[in-house]
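A note on names: the letters A, B, ... follow the listed sequences, proteins ahead of strands, and every chain is numbered from 1.
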Number of protein chains: 2
Amino acid sequence: MATTRAPRRGRPGYTRDQVLQVAVDVFNQQGYDATSVADLAGRLGLTKSALYHHFDSKEQLLELALDSALGGLEGALDEAMQHSTVAEQLSEGIRGAVQVLTARQAEVTLLLRLRGNSAIELAALQRRRTFDQRVAALVRQAQAEGLLRDDIDAGTTTRLVFGMINSIVEWYRTGGSIDPDRLADEVLTVALDGLRPR
Amino acid sequence: MATTRAPRRGRPGYTRDQVLQVAVDVFNQQGYDATSVADLAGRLGLTKSALYHHFDSKEQLLELALDSALGGLEGALDEAMQHSTVAEQLSEGIRGAVQVLTARQAEVTLLLRLRGNSAIELAALQRRRTFDQRVAALVRQAQAEGLLRDDIDAGTTTRLVFGMINSIVEWYRTGGSIDPDRLADEVLTVALDGLRPR
DNA sequence: GTCTATATTAGGATAGAC
DNA sequence: GTCTATCCTAATATAGAC
């Protein structure tokens with residue numbers, strides 16, 4: 001919740017963070033390319049020129065949001081890898097990913113929908129690919145230790161499980177009836193034990 | 001593979017289907033909104049005007065692609081529901097969805113990335129929502145019959161499993177090392193039995 | 001920090017020749 | 001069925017007043 005600081009005086013005004021947050025929401029609702037700066041200004045009740053006072057370009061807004069999403073995911077994985085056993089690294093990694101997806105939902109949504117349409121988008125996709133490879137390596141290790149079934153390719157396994165996790169951004173709603181911790185448990189349950197009753 | 005008919009004579013020319021196929025590919029690479037008609041023309045080696053000879057508008061291309069994707073998914077579910085037991089309906093439904101996703105990958109990719117940014121997109125999203133509800137009802141029935149665990153909400157279950165299935169369009173490549181039938185089996189295995197070795 | 005212009009470019013779409 | 005040329009609108013971004 002913590003915005004950097006309260007608006008000082010004079011006109012209502014917006015902080016950089018507030019503007020960014022609104023922009024990311026609009027990007028997700030309409031798509032980044034389909035969103036004009038006029039759309040953003042309209043949503044904030046400002047003019048385009050006023051917005052350009054806060055930011056250099058529309059793309060800068062995208063860049064900041066993507067950095068937040070990637071930083072969150074990388075940080076969660078870093079923390080998970082500090083555990084000593086592969087089993088813990090795996091379950092904490094999945095749990096951490098679900099936490100980041102729900103806590104920074106808007107930013108991650110933007111990341112997951114990138115098409116690599118500019119230098120900034122390409123750089124973010126490359127960074128995401130590196131993250132995916134770290135996770136796939138972890139899954140391979142878990143298979144080697146007999147923690148996960150190895151009759152399905154590690155790459156396919158990773159993609160299916162992260163497909164499940166990533167899809168959360170499409171329907172999760174903050175303040176809704178689903179608690180992030182509980183959701184993380186359910187994801188782990190489905191991924192590890194499946195839907196068939198034992 | 002079957003294009004409606006071979007180009008007749010004269011200039012090289014394109015059939016409507018060929019133009020559509022290329023357009024959908026470009027839409028997926030760059031995003032629909034970020035793709036200009038000039039981009040499409042350039043990819044085909046034509047001018048914009050030549051393209052408008054084949055189609056009325058850029059949005060018409062989108063509409064045709066979305067109809068193909070939705071028709072495929074609905075048809076697969078219709079077929080699955082003809083089976084007599086809920087267990088068969090469920091497994092055939094999942095199998096059918098994977099088949100459609102791999103066979104009409106480009107069109108489904110477009111569908112899954114929609115933001116509801118126009119009347120056509122809104123109509124497609126509504127049609128997709130109806131499809132989702134049919135699947136959720138099937139999952140609920142399977143839970144009631146004890147075929148699926150019921151300690152996780154039917155809606156959440158449906159979303160997680162379809163999140164896994166839908167993510168296939170992001171990485172599956174026709175002609176790659178993965179056979180669609182085998183992939184469908186693996187999805188069913190992960191969804192029903194999970195990743196933990198038994 | 002916000003406003004009213006306005007410069008500049010790109011995009012969707014059309015007209016009419018070949 | 002494709003071309004060149006062009007219209008019209010909307011978009012990003014800037015200049016300069018308050």
N/O donor-acceptor pair, side chain B:Lys48 with base C:dG11, under 3.5 angstrom: no
A:Glu88 versus A:Thr85, side-chain donor and acceptor atoms under 3.5 Å: yes
Contact under 4.0 Å: B:Thr47 side-chain N or O vs D:dT2 OP1/OP2: no
Residues, nucleotides or ligands: over 12 heavy atoms within 6.0 Å of B:Glu79 CD: no
Interatomic distance, A:Asn117 atom CG to B:Gln29 atom CD [nearest 0.5 angstrom]: 10.0 Å
Nearest-Å distance for atom pair CD/P, residues A:Gln30 and D:dA11: 10 Å
N/O donor-acceptor pair, side chain A:Ser36 with base D:dA10, under 3.5 angstrom: no
salt_bridge(B:Arg113, B:Glu121) N-O dist < 4.0 Å: no
Rounded distance in Å - CG (A:Asp33) to C1' (C:dA10): 13 Å
Value in whole Å for how far the P atom of C:dA15 lies from OH of B:Tyr52: 13 Å
Atom-pair distance (CD on B:Gln60; C1' on C:dA13), nearest Å: 13 Å
Between the first and last five pairs of the helix from C:dG1-D:dC18 to C:dC18-D:dG1, the angle of the axes, rounded to 10 degrees: 0°
Rounded distance (Å) that lies between atom P of C:dA10 and atom NZ of A:Lys58: 15 Å
Whichever of A:Ser49 and A:Ala34 has its nearest DNA chain D nucleotide further upstream toward 5': A:Ala34
B:Tyr32 OH to C:dG12 C1', straight-line distance once rounded to whole Å: 10 Å
Whole angstrom value for the distance that separates C1' of D:dA13 from NE2 of A:His53: 16 Å
N/O (side chain, A:His54) to phosphate O (OP1/OP2, C:dT2) under 4.0 Å: yes
Atom pair distance, as rounded to whole Å: CZ in A:Phe27 and C1' in D:dT12: 12 Å
Side chain of A:Leu46 - closest among C:dT14, C:dT2, D:dT2: C:dT2
Nearest-0.5 Å distance that lies between atom CG in B:Leu62 and atom CZ in B:Phe27: 6.5 Å
Over 12 non-hydrogen atoms of neighbours within 6.0 angstrom of CZ in B:Arg182: no
Minimum-distance nucleotide to A:Ala50 side chain [options: D:dA13, C:dT2, C:dA13]: C:dT2
Distance-only side-chain donor-acceptor flag, B:Arg129 / B:Gln126, under 3.5 Å: yes
